Amino acid sequence: MSEREPPRNFLEQIVEGHLAQGTHGGRVVTRFPPEPNGYLHIGHAKSICLNFGIAQKYGGVCHLRFDDTNPLAEETEFVESIQDDVRWLGFEWGEHRFFASDYYERLYQLAVGLIEKGLAYVDDQTVEQIRVNRGTLTEPGTPSPWRDRTVAENLALFAGMRAGEFADGSKVLRARIDMAARNILMRDPLMYRIRHAHHHRTGDDWCIYPMYDFAHGLSDAIEDITHSICTLEFENNRELYDWFVEHADVAARPRQYEFARLNLDYTVMSKRKLRQLVEEGHVAGWDDPRMPTVAGMRRRGFTPASLRNFAEMVGVTKANTVIDIGRLEYAIRDDLNHTVSRVMAVVDPLEVVITNYPEGQTETLDCALYPHDHPMHGQPTEGSRPVPFGRTLYIDRSDFAEAAPKGWKRLAPGVEVRLRYAYFVTCHKVIKDADGHVVRLECTYDPETRGGAAPDGRKVKGTLHWVAAHGALPAELRIYDRLFSEPTPGARTGDPLDDLNPESLVVKRGFIEPSVAAHPAGTRYQFERTGYFVSDTTDSKPGALVFNRIVTLRDTWAKLQDKAADAADALPGEATEPSAAPKAQKARPAKRTKAQIRTHNRAADPALEARFQAYQAALGLDEDTADLLAGEADMADLFDAARASYAGDVAGLAKWFVNDLSGALGDRAPAELPTDGAALARVLTLVDEGTVTSRASKDLLEVLLRDGGDPDGLVAALGLEAVADTDALADAIAGVLAKHGAMVERFRGGEQKLFGFFIGQVMQATGGAADPKAVRDLLTAALKG
RNA sequence: AGGGGCGUGGGCAAGUGGUAAGCCACGGGAUUUUGGUUCCCGCUACCGUAGGUUCGAAUCCUACCGCCCCUGCCA
């Protein structure tokens with residue numbers, strides 16, 4: 001009961017609100033609308049999880065709709081890859097797979113309908129003319145000379161466009177909205193353009209193609225989508241979306257909602273930049289394991305669950321933020337740690353000879369597949385695999401130091417360590433080549449420590465992974481790292497390519513234990529002490545194994561060393577250059593503020609201006625208050641009406657209007673209220689008289705503004721009369737104190753700020769009806785105890 | 001006559017007038033045959049800034065500041 005439910009994101013709250021009110025007849029229909037012109041990336045993955053997730057959660061469905069309205073960019077190949085990716089992520093669209101191109105005929109008819117209503121016209125202007133005449137951010141556009149063609153002419157021309165009578169670019173169909181609209185998208189947006197091009201599905205059936213804004217919302221309407229979720233940059237398009245849905249002949253009323261797209265540091269996400277990486281050969285392809293594409297991450301070894309969890313973890317909001325890529329790494333580690341078997345592999349081999357191990361002898365050790373110190377999700381923690389051991393073996397070069405630094409727990413001359421699951425060994429001799437490079441280590445082992453434990457109870461500080469030379473499988477190990485070395489690629493120079501990480505892929509030749517030979521490509525492992533790896537699904541072959549590093553293990557030792565290195569670097573005391581060049585100050589026109597609107601209103605309405613003056617002169621209100629009250633006639637009317645039946649101090653009424661009423665009003669226009677000034681005045685009077693508390697008056701006001709009615713009657717009906725009766729309050733206080741004994745202790749222990757908590761509790765216990773001042777006094781006494 | 005959005009600890013993010021959730025990162029400690037895992041503890045935020053309303057404001061009002069998006073016959 002007291003279990004904390006995960007907070008719902010704002011979209012889920014909206015959906016729940018609709019469900020509660022039966023807004024869409026209780027239906028939830030979302031859609032994921034990719035354009036089949038490229039590969040999906042992790043940002044799309046978030047959107048997929050959101051759309052399919054909401055449908056799943058609320059018993060709805062999610063359509064997969066390909067937004068294929070531009071024949072020049074789109075290809076069937078991408079349709080396939082997108083479907084693969086969505087399925088791989090774990091979502092199923094069932095029979096709900098659609099294409100915008102399925103609706104071309106219907107859309108055409110809807111366009112004709114708009115023409116017939118005089119709401120669309122054929123424009124003969126050139127691209128350049130259209131652009132110029134659209135105006136700018138601060139200047140209105142100018143109407144096309146073709147804007148007032150007759151319906152009949154438009155109909156004929158549009159039919160001609162469809163029939164292929166005109167060349168590309170010679171004509172377009174435009175919505176006839178408003179060339180002076182403040183939202184540029186509303187300045188007669190294009191609906192259709194001529195493109196004599198082959199479409200991946202409709203072939204050569206069409207030579208006119210609908211534009212996004214026209215096609216998208218109406219496709220939503222055709223499919224009876226209820227919640228059309230897209231990213232923030234489409235916020236400006238919503239007005240147009242609504243316009244088309246409203247004016248075209250469709251019954252459904254889908255609504256668009258926007259959320260912030262996913263941004264990840266140390267990577268790029270735009271299709272353009274990703275394409276550039278591929279086309280210029282900085283990566284091996286769209287499925288290069290360093291790419292943030294779904295295909296790339298799949299090949300890298302990410303799991304669908306890790307991506308879904310990641311999407312859940314980062315949340316859904318409208319704030320434009322950048323996610324720490326460490327969270328993605330956390331998500332995949334957190335999954336694999338609980339699902340994947342352990343195995344030993346040496347990335348950078350250094351030969352070790354156990355000099356006191358009999359020559360020619362070998363043995364097989366039984367090694368656990370899973371750690372037993374945490375639950376493995378959906379898998380047994382039991383199970384083992386045979387691992388050969390012998391006189392010659394390999395350890396990782398990074399596990400040996402000729403001169404051990406402080407804190408070193410690994411192998412060094414004279415130091416004894418454990419070979420995992422095997423024996424304790426001690427290094428006695430370091431063999432080097434002519435250049436002084438270590439080529440081999442000679443160690444002795446303690447036969448008594450077989451399995452890794454010493455009968456005499458002695459401890460070693462370190463445990464190393466290893467692979468015996470006999471039976472070792474050679475393997476190519478692709479050590480992947482972040483594609484970019486800067487959190488915001490391109491921040492310095494403007495070109496992300498300048499920040500490519502030269503070590504995003506390092507290929508190593510190493511060895512792995514033979515047990516993995518039996519597993520299919522695509523199997524994921526934890527290479528103990530090294531990281532999570534997957535055998536590459538396209539390049540790994542029996543006898544020529546290839547593994548991709550998915551992610552490292554957390555590495556506390558490396559972190560300590562980094563810190564030590566940083567500390568050393570810092571010694572010279574050089575202040576780091578503030579390299580960030582001052583941003584070019586963009587000249588932005590100042591926004592028209594609410595204050596300017598009010599001033600503007602008065603300039604246009606002398607009567608309003610007169611009231612503004614009178615409020616100050618006759619009523620003695622300060623300028624700011626008078627400004628707010630006389631900013632629009634409706635508000636001033638309401639205020640004057642209230643004033644006429646209010647006996648108290650006018651300044652108080654004015655303040656109450658400004659601070660309380662306008663907040664409760666929200667977007668509602670004063671003139672549309674189901675109540676009047678007299679009733680409002682009565683509300684404040686009730687507060688003045690002490691009949692209701694100011695707290696309870698908010699509830700009263702809310703009901704009054706919503707339903708209207710008689711304030712006195714409402715007070716009685718809602719039980720809002722102020723409770724100043726000492727006995728009743730004392731009871732309430734005693735109840736609260738008894739219920740929150742621990743809090744009382746804390747308060748008496750010095751947490752003074754909890755006083756507010758107690759007041760709040762008492763206020764709640766009395767439904768907001770308690771007189772706060774009385775509560776304050778009584779509570780002070782009671783808490784002194 | 002520009003318009004549309006967004007600002008809560010290092011990074012995310014709950015919160016919608018009554019004790020500022022949680023996650024990641026970071027720091028400590030315990031356990032450990034992975035410097036992994038797991039488990040504890042810490043991270044003592046006055047909520048962009050400044051005024052105001054209120055017994056009480058991250059939440060309501062006002063002004064200001066900062067950041068993002070929009071002038072494709074792309075989506």
Side-chain angles (χ1 to χ4, degrees), chain A residues 4 6-7 33 35 37 67 69-70 72-73 127 130-131 134-141 168-169 172 180-185 187 190 192-195 209 211-213 216 232-239 258 260 265 313-315 317-324 326-327 330 333 337-338 342 371 373-374 407 409-410 418 420-421 451-453 460 462-465 526 528-530 553-560 589 591-595 624 627-628 655-656 658-660 662-664 693-695 698 743 746 751 753-761 763-764 771-773 775-776:
Chain A
R4 182 180 293 278
E35 183 189 13
N37 74 340
D67 234 337
T69 55
N70 182 0
L72 267 27
V127 190
I130 288 177
R131 189 179 61 74
R134 188 147 32 214
T136 69
L137 294 177
T138 51
E139 296 157 325
D168 286 8
V172 290
R182 289 195 283 256
N183 180 352
I184 291 180
L185 285 167
R187 317 236 260 232
L190 274 56
Y192 273 90
R193 76 283 217 190
I194 301 172
R195 282 251 227 270
Y209 292 92
M211 300 285 292
Y212 166 84
D213 286 301
H216 194 91
L232 246 32
E233 65 268 30
F234 289 98
E235 276 177 323
N236 297 314
N237 299 58
R238 189 175 59 234
E239 190 180 357
E258 310 87 14
D265 56 11
M313 196 162 57
V314 299
T317 67
K318 299 192 72 158
N320 219 319
T321 52
V322 180
I323 306 297
D324 185 341
R327 286 184 83 125
Y330 169 84
R333 279 191 196 110
N337 178 39
H338 297 279
R342 272 58 171 171
D373 54 2
H374 63 266
K409 295 204 224 171
R410 309 174 185 182
R418 170 168 40 235
R420 178 140 232 235
Y421 299 125
V460 288
T463 300
L464 270 41
H465 61 279
Q526 184 194 105
E528 292 211 52
R529 302 209 311 127
T530 305
L553 257 30
R554 279 185 61 214
D555 190 344
T556 309
W557 173 244
K559 215 153 52 186
L560 284 173
K591 213 176 250 194
R592 193 162 69 139
T593 65
K594 289 181 186 173
D624 288 346
D627 174 35
L628 291 166
K655 252 184 184 161
W656 186 74
V658 167
N659 284 305
D660 290 305
S662 54
T693 64
S694 71
R695 150 76 190 241
K698 311 254 166 139
M743 303 296 270
R746 280 170 58 186
E751 286 190 61
K753 70 175 180 179
L754 291 179
F755 193 77
F757 164 76
F758 290 114
I759 290 199
Q761 289 297 314
M763 295 302 288
Q764 282 184 340
D771 173 30
K773 285 183 183 114
V775 171
R776 182 165 284 268

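The sequence lines fix the lettering, A, B, ..., with proteins before strands; numbering per chain opens at 1. Here the structure is a predicted model, which means the values were calculated and not measured.
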Please list, pair by pair, any protein nitrogen or oxygen found under 3.5 Å from a nitrogen or oxygen in nucleotides 58-62 of chain B.
unit_1: C60(B); atom_1: O2'; unit_2: Asn659(A); atom_2: O; d: 3.2
unit_1: C61(B); atom_1: O2'; unit_2: Val658(A); atom_2: O; d: 3.4

Return the polar atom pairs (N/O with N/O) between nucleotides 39-44 of chain B and the protein under 3.5 Å, or none.
none

Pairwise N/O distances under 3.5 Å, protein to nucleotides 73-75 of chain B:
unit_1: C73(B); atom_1: OP1; unit_2: Arg134(A); atom_2: NH2; d: 3.3
unit_1: C73(B); atom_1: OP2; unit_2: Arg134(A); atom_2: NH1; d: 3.1
unit_1: C73(B); atom_1: OP2; unit_2: Arg134(A); atom_2: NH2; d: 3.2
unit_1: C73(B); atom_1: N4; unit_2: Gln125(A); atom_2: O; d: 3.3
unit_1: C73(B); atom_1: N4; unit_2: Gly169(A); atom_2: O; d: 2.8
unit_1: C74(B); atom_1: OP1; unit_2: Arg195(A); atom_2: NH2; d: 3.4
unit_1: C74(B); atom_1: OP2; unit_2: Arg193(A); atom_2: NE; d: 3.3
unit_1: C74(B); atom_1: OP2; unit_2: Arg193(A); atom_2: NH2; d: 2.9
unit_1: C74(B); atom_1: OP2; unit_2: Arg195(A); atom_2: NH1; d: 3.3
unit_1: C74(B); atom_1: OP2; unit_2: Arg195(A); atom_2: NH2; d: 2.1
unit_1: C74(B); atom_1: O3'; unit_2: Arg193(A); atom_2: NH2; d: 3.2
unit_1: C74(B); atom_1: O2'; unit_2: Asn70(A); atom_2: ND2; d: 3.2
unit_1: A75(B); atom_1: OP1; unit_2: Thr69(A); atom_2: OG1; d: 2.7
unit_1: A75(B); atom_1: OP1; unit_2: Arg193(A); atom_2: NH1; d: 3.4
unit_1: A75(B); atom_1: OP1; unit_2: Arg193(A); atom_2: NH2; d: 2.9
unit_1: A75(B); atom_1: OP2; unit_2: Tyr212(A); atom_2: N; d: 3.1

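Across U38(B), U71(B), G18(B), the shortest atom-to-atom separation from the side chain of Thr136(A) is found for U71(B). Listed nucleotides U34(B), G2(B), G4(B) differ in distance to Leu137(A); the shortest reach to its side chain belongs to G2(B). Residue Leu754(A) has its side chain nearest to U19(B) when only U19(B), C26(B), U34(B) are considered. Listed nucleotides: G35(B), U38(B), A57(B). Nearest to the side chain of Trp557(A): G35(B). Which of U38(B), U54(B), A13(B) sits closest to the side chain of His338(A) comes down to U38(B). Checking U34(B), A25(B), G17(B) against the side-chain heavy atoms of Leu553(A) singles out U34(B) as nearest. Distances were taken from every side-chain heavy atom of Lys318(A) (C-beta onward) to each of G5(B), C12(B), G2(B); the shortest belongs to G5(B).
Nearer the 5' end of RNA chain B, as judged by each residue's closest nucleotide, is the contact made by Tyr330(A), out of Asn337(A) and Tyr330(A). Residue Val314(A) is the one, among Val314(A) and Ile184(A), whose nearest nucleotide of RNA chain B lies closer to the 5' end (criterion: closest heavy atom).
Contact annotation: Lys655(A) reaches the phosphate of U53(B) (side-chain N/O to OP1 or OP2, under 4.0 Å). Taking only side-chain nitrogens and oxygens, Arg342(A) never comes nearer than 4.0 Å to OP1 or OP2 of U34(B). At least one side-chain nitrogen or oxygen of Thr556(A) sits closer than 4.0 Å to the OP1 or OP2 atom of G36(B).
By the neighbour-count criterion of 12 heavy atoms within 6.0 Å, atom NZ of Lys655(A) is sparsely surrounded, having that number or fewer from other residues, nucleotides or ligands.
Base engagement by Gln526(A) is indicated by at least one non-hydrogen atom pair under 4.0 Å involving a base atom. Using a 4.0 Å heavy-atom criterion, one finds that Tyr421(A) contacts the bases of the nucleic acid, with or without backbone contacts as well. Looking at heavy-atom distances under 4.0 Å, Gly407(A) makes contact with a base. Thr321(A) comes within 4.0 angstrom of sugar-phosphate atoms only, judged by non-hydrogen atoms across all strands, and of no base. Residue contacts shown for Val322(A) are limited to sugar-phosphate atoms, with no base heavy atom under 4.0 Å away. Note on Lys559(A): only backbone sugar-phosphate atoms sit closer than 4.0 angstrom, heavy atoms only; bases stay farther off. Within the nucleic acid shown, Thr317(A) comes within 4.0 Å of sugar-phosphate atoms alone, with no base atom in reach, counting heavy atoms only. Using a 4.0 Å heavy-atom criterion, one finds that Arg554(A) contacts the sugar-phosphate atoms exclusively. Ile323(A) comes within 4.0 angstrom of sugar-phosphate atoms only, judged by non-hydrogen atoms across all strands, and of no base.
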Item to complete: I would like to know whether Arg333(A) and Asn337(A) meet side-chain contact (heavy atoms from CB on, under 4.5 Å); could you show each step before the answer?
Response: CA-CA 6 Å; Arg333(A) 279 191 196 110; Asn337(A) 178 39; 5.7 Å; no
Practice prompt. For the pair Met743(A) and Gln761(A), evaluate side-chain contact (heavy atoms from CB on, under 4.5 Å) and give the outcome as yes or no after the intermediate values.
Written response: CA-CA 12 Å; Met743(A) 303 296 270; Gln761(A) 289 297 314; over 6 Å; no
Discussion item. Under the criterion side-chain contact (heavy atoms from CB on, under 4.5 Å), I'd like the reasoning laid out for Trp557(A) against Arg410(A): C-alpha separation, chi angles, the key distance, then a yes or no.
Written reply: CA-CA 11 Å; Trp557(A) 173 244; Arg410(A) 309 174 185 182; 3.1 Å; yes
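The two atoms that bring Ala260(A) and Ala319(A) nearest to each other are CB-O, 3.3 Å, heavy atoms only. The two residues Asp265(A) and Val322(A) come nearest to each other via the heavy atoms N-CG1, 3.6 Å.
Under the ring-ring contact (aromatic ring centres under 6.0 Å, His included) criterion, Tyr330(A) pairs with no residue at all, not counting sequence neighbours. In terms of the side chain to side chain contact (heavy atoms under 4.5 Å, CB included) criterion, residue partners of Asn37(A) (sequence neighbours excluded) are, by chain and number, Glu35(A), Ala73(A), Glu74(A), Lys271(A).
Under 3.5 Å, the side chain of Arg695(A) and the base of G18(B) form at least one donor-acceptor pair of N or O atoms. Applying the 3.5 Å distance criterion, the base of G3(B) shares a donor-acceptor pair with the side chain of Asn236(A). Asp373(A) contributes a side-chain N or O that forms a donor-acceptor pair with the base of G36(B) under 3.5 Å. Between the side chain of Arg238(A) and the base of G4(B), no donor-acceptor pair of N or O atoms lies under 3.5 Å.
A distance-only check finds a donor-acceptor pair linking the side chain of Arg187(A) to the backbone of Ala181(A) [under 3.5 Å]. In this structure, Asn183(A) contributes its side chain and Asn236(A) its backbone to a donor-acceptor pair below 3.5 Å.
We find that CE of Met763(A) is positioned 11 Å from C1' of U54(B), with the value rounded to whole Å. Counting to the nearest Å, the P atom of A25(B) and the CG atom of Asp324(A) are 8 Å from each other. At whole-Å resolution of the value, CD in Gln764(A) and P in G56(B) are 17 Å apart. Atom CD of Gln761(A) is separated from atom P of G56(B) by 18 Å (rounded to the nearest Å). Arg333(A) has its CZ atom 15 Å from the P atom of G35(B), to the nearest Å.
Look at G4(B): its glycosidic torsion is beyond 90° from 0, and that puts it in the anti range.
Residues Asp213(A) and Glu239(A) fail the side-chain proximity criterion, which asks for heavy atoms closer than 4.5 Å. Two residues are said to be in side-chain contact when any heavy atoms from C-beta on lie closer than 4.5 Å; His216(A) and Thr69(A) fail this criterion. Contact of the Thr693(A) side chain with the Pro772(A) side chain is registered, since non-hydrogen atoms from C-beta on lie closer than 4.5 Å.
For the strand RNA chain B, secondary-structure stems (runs of at least three Watson-Crick or G-U pairs, all distances below 3.5 Å) span B:2-7 with B:65-70, B:10-12 with B:22-24, B:26-30 with B:38-42, B:48-52 with B:60-64.
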